[in-house]
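These notes are about the structure you will find just below.
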Amino acid sequence: MVNKKDESGYALLYALGLIILVSLMVGTIFFVARTTYMQINEVDRVKTAKEAQEYALKAAKHQIKRRLDRSWDIIETTPLGNDGTKLLSKINMILANVKTITLQTGEENKFVAECTVGQIQQQKITPYTLGTSAGSFGWKADSSGIDAESINNVRVTIPLSLVLTENYKDGRIKTSKATANFIYEVQWNQVDASQELISLDSWRNIVYSYYLPNTGSYLSADEWIRTMIRLYGYTSAHSFFDFENFDNTKEYPQSKDGDPNGLDRVLDGQIKDITDQSLLDFSQTGKPILNTVVFESSFLLENGVKLIGSSNSGVLDVANIFALRNQENLGQQLNFIQNLTVIGRYGTYIDIGGNQSKLILDEKNSEFKTSNLLINNTQSSQASKNAQEGCLFSSGILNVTYSSETSNFSLDNYVVDAAKKPITIENFSSFLSGNMLIASSNFYAGPISEGIQFRSTENDQREINVKNNFMLTNAMLSSQNGEEGFSYFEESGAETTPNQPSTLTLDGANTKMIVKGKSFIDAPKATRRASPTEKVNDKEVKFYSDPDYWNTIVLKNAATLELDYTGVEPFNLSIEKDARMSLKTLPDLEFFDTEFLNRCVSKNQLKGQLVIQTFNQQDATELAKQLTSDKIPVSVVQSGTSAKNGEVTIIRPTTSANKTTTQVITRVFHYLDMAN
């Protein structure tokens, strides 16, 4: 007792109050925790439902895709035409009994999903091409250069509507809805495989006489190069260019006596090719082309090339053949075309020889456009390994394609010997469709440094577009004798050796060469290679075995070379890191000799990307097997997968098409587009 008061009661009350206070605090904490837990649990529950929705939609998509895969032969063997209606019809047929897809998921089958397939629709979209970006390749939408009659891409949209039922343990039921679109894209080419084979089989023939059945409508490199040289020498009735009286500030030619049709080069309704007697200096030191210069026949520069124009208005338009040569072997003369828009309607013939063989095309702000491009015997006579010899494309755009501008030119207007054969060949339209041939020459597209006048960098744009066919070969025309000296070989004392090989070099990330037609990388040989259709006992061709005489392709600093259907014989290939070369093969890997890969890998020159798109699945398997056996690094991928440096990437198509195929499905792409 303290101060006459009993303190034991107070202590009891104090303890009781403390207990009550603590109880209230614990209760409050428990209540808050329980509320928070319920809120967290609700969030988790909603999240789980979302996951169940996503899972159910993906599972439905998987079932539909599996159904389409099982019936793929129906789609593949159906002539799909030029729109998506037939494709849509076949997909509707395949999925006719797929209306509702039911599945269960979650712990103890907590969720029941019912997915309904809606009305399927189709839409024709931009075709995709294999492109490159930052060192990798993939499919990209690209309508440039696409033939709408032969390439089709259709997007099929399959709507999916989902009702998800969630069953609680206490018996409650809750439903939710979701929608998505299963997108299924199919791209196909109208390709007659047998005709593609005959076309390449025809084109790759050069020098040696040949006869192939059903090839009359297809162009060969042999008839192409012979037609080029015949056009070049079609008439000996030349006029010399009046350089002294040439006024470079006015359009040329000026009309005669005010008559716009009375051109001063037209005599009695006949035309003459214009040539030079000596070097014509159309440069800054002479008379640069500041306006439009038109020749209604051929313009033959035989004594070197000095052409400079105004990038805004300088135009040189040649109706027949534009020849760039130095017959007098002016070895120390620098040849060039700079800032001049060039149009060569029937073709351009380049033949620059000598110890310093250079023709610089510097078209940074201009375009060089010609229906045909023959680069013949244009490299150093010293067999130098210097890449910057021959035809050097410094910058700009080089389009080898048919020039559709109107022209009054006609071969009938020439005065020629009646005994001469008609110049036009049976498939003259194919001749004019944009072909390029490098014959015992160097072609270099990349940065150059030639004094202060000609400088370009690695990053400058260099774009070479070949609309039709391309060939790289040792075979060449004699610079002096034309067809009379057309051969793979040259006499060197008592020995016969191949002509100097051709070299194609592309250098720079913005340097790209695209060939839309057939390509053939040739090799020197003493006899013609037999065709697949010929019944011969020995189809093995005997190539010249010394790789020093094989043609060469070099890709540097992320440059790109894109070829279509391609035939290859032994050649030297070097691809630096991040550079890329792509090509397509014909059925059964016809005309595809893999010796170039063995040599490329053995010399450690496959550091970039080599992409091979085989014609069908079986070819992909066979090629991969062969390369693996040869210890060549290879991967087989589906379209759209990134290629890797240092290996061969084989694109395994979805099609099993063969030589009798008239339609090839080149791309199948699918994904799930979640609407909400």
Side-chain angles (χ1 to χ4, degrees), residues 68 72-91 122-131 137-156 184-203 217-218 430 433-434 465-470 514-519 562-567 582-592 611-620 637-640 650-670:
L68 292 172
W72 177 250
D73 59 327
I74 297 176
I75 297 175
E76 188 178 26
T77 57
T78 298
L80 298 177
N82 288 324
D83 56 31
T85 55
K86 293 182 180 179
L87 175 63
L88 178 63
S89 175
K90 292 301 177 183
I91 289 179
Q122 62 87 16
Q123 176 188 8
K124 193 170 181 179
I125 61 175
T126 302
Y128 280 70
T129 59
L130 279 174
F137 81 93
W139 292 99
K140 63 178 181 180
D142 184 6
S143 59
S144 62
I146 294 295
D147 182 358
E149 294 300 315
S150 63
I151 301 179
N152 297 275
N153 192 22
V154 170
R155 175 180 293 155
V156 177
Y184 193 70
E185 294 181 4
V186 179
Q187 180 169 311
W188 66 91
N189 294 10
Q190 303 291 359
V191 175
D192 190 327
S194 62
Q195 297 307 306
E196 295 288 349
L197 177 59
I198 293 175
S199 177
L200 181 56
D201 192 6
S202 299
W203 170 250
S217 60
Y218 293 104
S430 296
S433 60
N465 299 304
V466 181
K467 181 67 179 295
N468 202 30
N469 297 341
F470 169 72
I514 302 175
V515 180
K516 296 291 187 181
K518 309 296 182 298
S519 294
E562 294 183 7
L563 307 178
D564 203 80
Y565 289 115
T566 303
S582 65
L583 58 87
K584 296 179 181 178
T585 61
L586 287 168
D588 298 338
L589 301 173
E590 290 286 1
F591 304 117
F592 191 75
V611 182
I612 301 174
Q613 185 175 351
T614 59
F615 193 81
N616 56 35
Q617 298 174 4
Q618 182 179 350
D619 288 348
V637 302
Q638 300 298 324
S639 58
I650 298 175
I651 297 181
R652 185 178 186 271
T654 57
T655 182
S656 58
N658 54 39
K659 291 180 181 179
T660 63
T661 300
T662 58
Q663 169 185 283
V664 176
I665 295 177
T666 57
R667 175 180 178 269
V668 177
F669 187 64
H670 55 85

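Residues passing the salt bridge (charged side-chain N to carboxylate O under 4.0 Å, His left out) test with Glu196 are Lys518, sequence neighbours excluded. Qualifying side-chain hydrogen bond (donor to acceptor under 3.5 Å, both in side chains) partners for Ser89, counting only residues two or more places apart in sequence or in other chains: none.
Side-chain atoms of Gln122 never come within 3.5 Å of backbone atoms of Leu87 as a donor-acceptor pair (strictly under, hydrogens ignored). At distances below 3.5 Å, not a single donor-acceptor pair connects side-chain atoms of Ser199 with backbone N or O atoms of Gln195. The backbone N or O of Glu590 sits nowhere less than 3.5 Å from a side-chain atom of Asp588 that would complete a donor-acceptor pair. At least one donor-acceptor pair under 3.5 Å links the side chain of Thr566 to the backbone N or O of Asp564.
Side-chain atoms of Thr614 and Asp619 form no donor-acceptor pair, as typed in the model, at a separation below 3.5 Å.
Shortest non-hydrogen contact noted between Leu563 and Ser519 is CD2-OG, 3.6 Å. Taking both residues in full, the closest heavy atoms of Phe592 and Leu583 are given as CE1-CD1, 3.8 Å, listed atom of the first, atom of the second, then distance. Taking every heavy atom of both residues into account, Pro127 and Asn153 meet most closely at CA-CB, 3.7 Å. The two residues Phe591 and Leu586 have their closest heavy-atom pair at CD1-CD1, 4.4 Å. Shortest non-hydrogen contact noted between Trp203 and Phe470 is NE1-O, 3.0 Å. For Trp188 against Val154, the heavy-atom pair with the smallest separation is CH2-CG2, 3.5 Å.
Remark: Leu80 CG to Ile75 CD1 distance equals 8.0 Å, nearest 0.5 Å. Rounding to the nearest 0.5 Å gives a distance of 8.5 Å between CD of Gln613 and OG of Ser582. If you take CG on Asn189 and CD1 on Ile151, they are separated by 4.5 Å, rounding to the nearest 0.5 Å. The distance from the CG atom of Asn616 to the CZ atom of Arg652 is 9.5 Å, given to the nearest 0.5 Å. Lys90 contributes atom NZ, which lies 13.5 Å from atom CH2 of Trp72 (distance to the nearest 0.5 angstrom). Rounding to the nearest 0.5 Å places CD1 of Ile514 at 4.5 Å from CD of Glu562.
Counting heavy atoms of neighbouring residues, nucleotides and ligands inside a 6.0 Å radius, atom CD of Gln618 does not exceed 12 of them.
Residues Glu185 and Ile125 form a side-chain contact, since some pair of their non-hydrogen atoms from C-beta on lies under 4.5 Å apart. Inter-residue side-chain proximity for Tyr184 and Val668 is flagged as met; some heavy-atom pair is nearer than 4.5 Å.
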Check: What's the verdict on side chain to side chain contact (heavy atoms under 4.5 Å, CB included) for Val186 and Val156, showing C-alpha distance, side-chain angles and the deciding distance?
Finding: CA-CA 8 Å; Val186 179; Val156 177; 5.8 Å; no
